[in-house]
There are 2 protein chains.
Amino acid sequence: MARVTIQHVAQAAGVSPSTVSNFLNDRQGRMVAATRVRIESAISELGYRPNRAARQLRNGKTQTVGLVVPSVGNPFWGAFAHEVEIAALALGCSVLLCNSERDPERERRYVEELWEDGVRSIILCTSLPSLQHVSHVIAEGLRLVTFDRPAQPNDPDSVVSISIDNNVGGQVATAHLLELGHTRIAFVSGSIRSVNRSARYRGYCDAIEAAGLSVADMPHWTGLDADLFGDVEAAEVGRAAAKDLFADPATAPTAVVAINDMTALGFCRGLRDLGLKVGQDVSVIGFDDIILADLYDPPLTSVRQPITRMAQLAVAEAVERGSNESTDPGSSVLLRAELIVRESTARLAGSDATSATTAGAAASR
Amino acid sequence: MARVTIQHVAQAAGVSPSTVSNFLNDRQGRMVAATRVRIESAISELGYRPNRAARQLRNGKTQTVGLVVPSVGNPFWGAFAHEVEIAALALGCSVLLCNSERDPERERRYVEELWEDGVRSIILCTSLPSLQHVSHVIAEGLRLVTFDRPAQPNDPDSVVSISIDNNVGGQVATAHLLELGHTRIAFVSGSIRSVNRSARYRGYCDAIEAAGLSVADMPHWTGLDADLFGDVEAAEVGRAAAKDLFADPATAPTAVVAINDMTALGFCRGLRDLGLKVGQDVSVIGFDDIILADLYDPPLTSVRQPITRMAQLAVAEAVERGSNESTDPGSSVLLRAELIVRESTARLAGSDATSATTAGAAASR
DNA sequence: TATGGTCAGTGCATCGTTACACCGATTTCA
DNA sequence: TGAAATCGGTGTAACGATGCACTGACCATA
């Protein structure tokens, strides 16, 4: 069961290995149609598959796309990784998955290692404000696509960013609660020292102020300033927040915007610990619309990220740039998030239903 | 920023590339201590990292472990993949992740491609009764570890299997419901034409019979025989099952054993559609104990798989065999599943509490 | 002092693919 | 008609690491 190499193909087709190589690398202008056909049939007859290692050694690069996510253990990232793999497969390349645990040092190490192993395109799911820790690799030519983090002023020029518009997302989520009559709305998140999280928080603030209320008057959870950031602990964060926010009933919120669904679900769990009913006693809205949002009891209202589309875009940017200059380098693609209204949010008991204004987003499916 | 190769190291250490290669490949008996030290310091000074592609081309193999899961979009597999990556990292190798979508043809293709790309160890998460579709690759020398599928009589000798004892798991889950006074217990799953699923089902049957009841008398969901199998659709399966099983109240179950947590959660969602309360009206038990089981409302009783430990074992078998003959090839490691009792299971209203016997598993945390 | 054995380390061919430089034959054009 | 350009294709030297077969120096034994 010896390997079939380019030499075997060349011999079978009656040409030199160079010609087969030219054929394989789309320099087909350099040969007559008959030769092309002979090579084609020799390849399929022998079942030839180019040797990746040899190619990589020669070229110094792979066809592999690196994907660095915080943690595939988190259902949102798991789902995203899945979509990325599907999209990459369709484009004929494989995906090397790395879990950064949101540790900048691990991000840096993974990016460097991938680069040194010949990976030339990486989808980096980070929300660090600065890309400084990987900028030297970008300078050497890495094709970097960030996901879940819009472009920042100091980003290297070549970086493309794919993200939802988190500010608008935060506004839509908050506006939804305001329209339901809530006026005591808390924002629950681990540390918001990250680009997308602070954008969501700003959206929340904007919506509050736009409604003539003051953010200072809102129930505030101090966990926002803490260093909790892990994706695995997201649910723990929500659970802890519920406990803290309802410690003093006088200052407790009637509605909550959670930074993501896992945190929202943890928050719901915390409410349950306290004997409170989600939807009924407290409205909760999350972000991402993971598969479990719809499964939960009550089903969770959430700001959906179109991950299938985003994964496609990210992969396309990562592998096709150059051949298909779809997006300008340095640009930021901001997709529109969609509000999915379910039953974890409800009209505040006793509030005036007629005060509702038009919602800025789509309705439930 | 030219690459630093083994030649540079050799020059810096004042030896030949061969000697450096000997050093790198643990043939250190072949050199004097002083040389060893010179090479060591040259490597760290120059920041040398061996070129994977070159190594692979020369040796015909990689240090990469292939991981084929049904879908990382499913939280259980996402969590498992995460654990595998951690375990592999600790052993200095990387993980190439593939989603088979439980399609035998995709499994085969991935395994073949990985093999041809020099991957010599694969953790295959399959539950197909036969490994025939990849046996030719195993025959060529692939180190295959199956996960979530105990060894079968016809498996090639070299295969090692890591799994929980699904039969016992099914028994424990069912016994738990019987002890709570339930006598109308349904088993809910997509197709059970897979090793682990049918084992769980047999465990269920065994427990029913052991209690002096008859499986034939139990409410039966016909979806068992259907072809639904996807991991993404697991929740849909559960939801559909709830709808069907409760169509006729006379034959409806009072408790349900679901094939996994996603299906259990979908089932709970289906109960909700019907206005039934989980725990209160119907007891539901799942498998896996994914992170969401504890978050759910009510928290889901589940049979936990010790995935961290299992991932470590799987990786160790995949990469260390030979150097550390920890397990005999052809053997099957069956770990003990642990029943985690939460609130989705409750005593059947009106049943005699004193009939409870000792449980065969640990209590809730 | 031959003979042989160890020790420490080296030379070289090789893995499969690629792309530059080149080549002979035909066509183009002034 | 001769010079140059084009066409279709080939030879060859890498890319970086590896490990077998080898060498020369040193030591021990007879």
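Chain A is the first sequence line, chain B the second, and so forth, proteins listed ahead of strands; every chain is numbered from 1.
For the pair A:R3 CZ and C:dT14 P, the computed distance is 19 Å after rounding to whole Å. Summarising the geometry, the separation between CD1 on B:I6 and C1' on C:dG11 is reported as 14 Å, rounded to the nearest angstrom. For the pair A:M31 CE and D:dG8 P, the computed distance is 10 Å after rounding to whole Å. Taking atom CD of residue A:Q11 and atom P of nucleotide D:dG11, one finds them 13 Å apart after rounding to whole Å. Distance CZ (A:F23) to P (D:dG9): 13 Å, rounded to an integer number of Å. Straight-line distance from the CD atom of A:E116 to the P atom of D:dC15: 18 Å, rounded to whole Å. What separates NZ of B:K61 from P of C:dG16 is a distance of 15 Å, to the nearest Å. With rounding to whole Å, B:L57 atom CG is found 17 Å from D:dA14 atom P.
OP1 or OP2 of D:dT10 lies within a sub-4.0 Å distance of a side-chain N or O belonging to A:T19. Contact between the side-chain N/O atoms of B:R27 and the OP1/OP2 oxygens of D:dG19 is found at a separation under 4.0 Å. Here B:T35 reaches the OP1 or OP2 of C:dG9: one of its side-chain N or O atoms lies under 4.0 Å away. An OP1 or OP2 oxygen of D:dT10 is reached within less than 4.0 angstrom by a side-chain nitrogen or oxygen of A:S16.
Residue A:Q56 is out of contact with every strand shown, counting any heavy-atom pair closer than 4.0 Å. Within 4.0 Å (heavy atoms only), A:Y48 reaches sugar-phosphate atoms of the nucleic acid but no base atom. At the heavy-atom level, A:T5 lies under 4.0 Å from the strands shown only through sugar-phosphate atoms. At the heavy-atom level, B:V15 lies under 4.0 Å from the strands shown only through sugar-phosphate atoms. Across all strands, A:N25 comes closer than 4.0 Å only to sugar-phosphate atoms, never to a base (heavy-atom distances).
For the residue pair B:S194 and B:N196, a side-chain donor N or O sits within less than 3.5 Å of a side-chain acceptor on the partner. In this structure, a donor-acceptor pair under 3.5 Å is present between the side chains of A:E101 and B:H82. Between the side chains of A:S127 and A:R102, at least one donor N or O sits under 3.5 Å from an acceptor N or O. Side-chain polar atoms of B:E105 and B:H133 form no donor-acceptor pair below 3.5 angstrom.
Counting atom types as modelled, B:S18 pairs a side-chain N or O with a base atom of C:dG11 as donor and acceptor under 3.5 Å.
Of the listed nucleotides (D:dA17, C:dT17, C:dT10), C:dT17 has the atom at the smallest distance from the side chain of A:A54.
A pairwise comparison of heavy atoms in B:W77 and B:S71 identifies CB-O, 3.2 Å as the closest pair.
Atom CD of B:E116 has more than 12 neighbouring heavy atoms from other residues, nucleotides or ligands inside a 6.0 Å radius.
Salt bridge annotation for B:D103-B:R109: absent, with no cationic side-chain nitrogen under 4.0 angstrom from a carboxylate oxygen.
Comparing A:G14 and B:A53 against DNA chain D, the residue whose closest nucleotide sits nearer the 5' end is A:G14. If B:N22 and A:R55 are placed on DNA chain C by their nearest nucleotide, the residue sitting closer to the 5' end is B:N22.
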For nucleotides 22-26 of chain C, give me every protein contact, N/O to N/O, under 3.5 Å, one pair per line with atom names.
none

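The main-chain N or O of A:S21 is found under 3.5 Å from a side-chain atom of A:N25 such that the two form a donor-acceptor pair.
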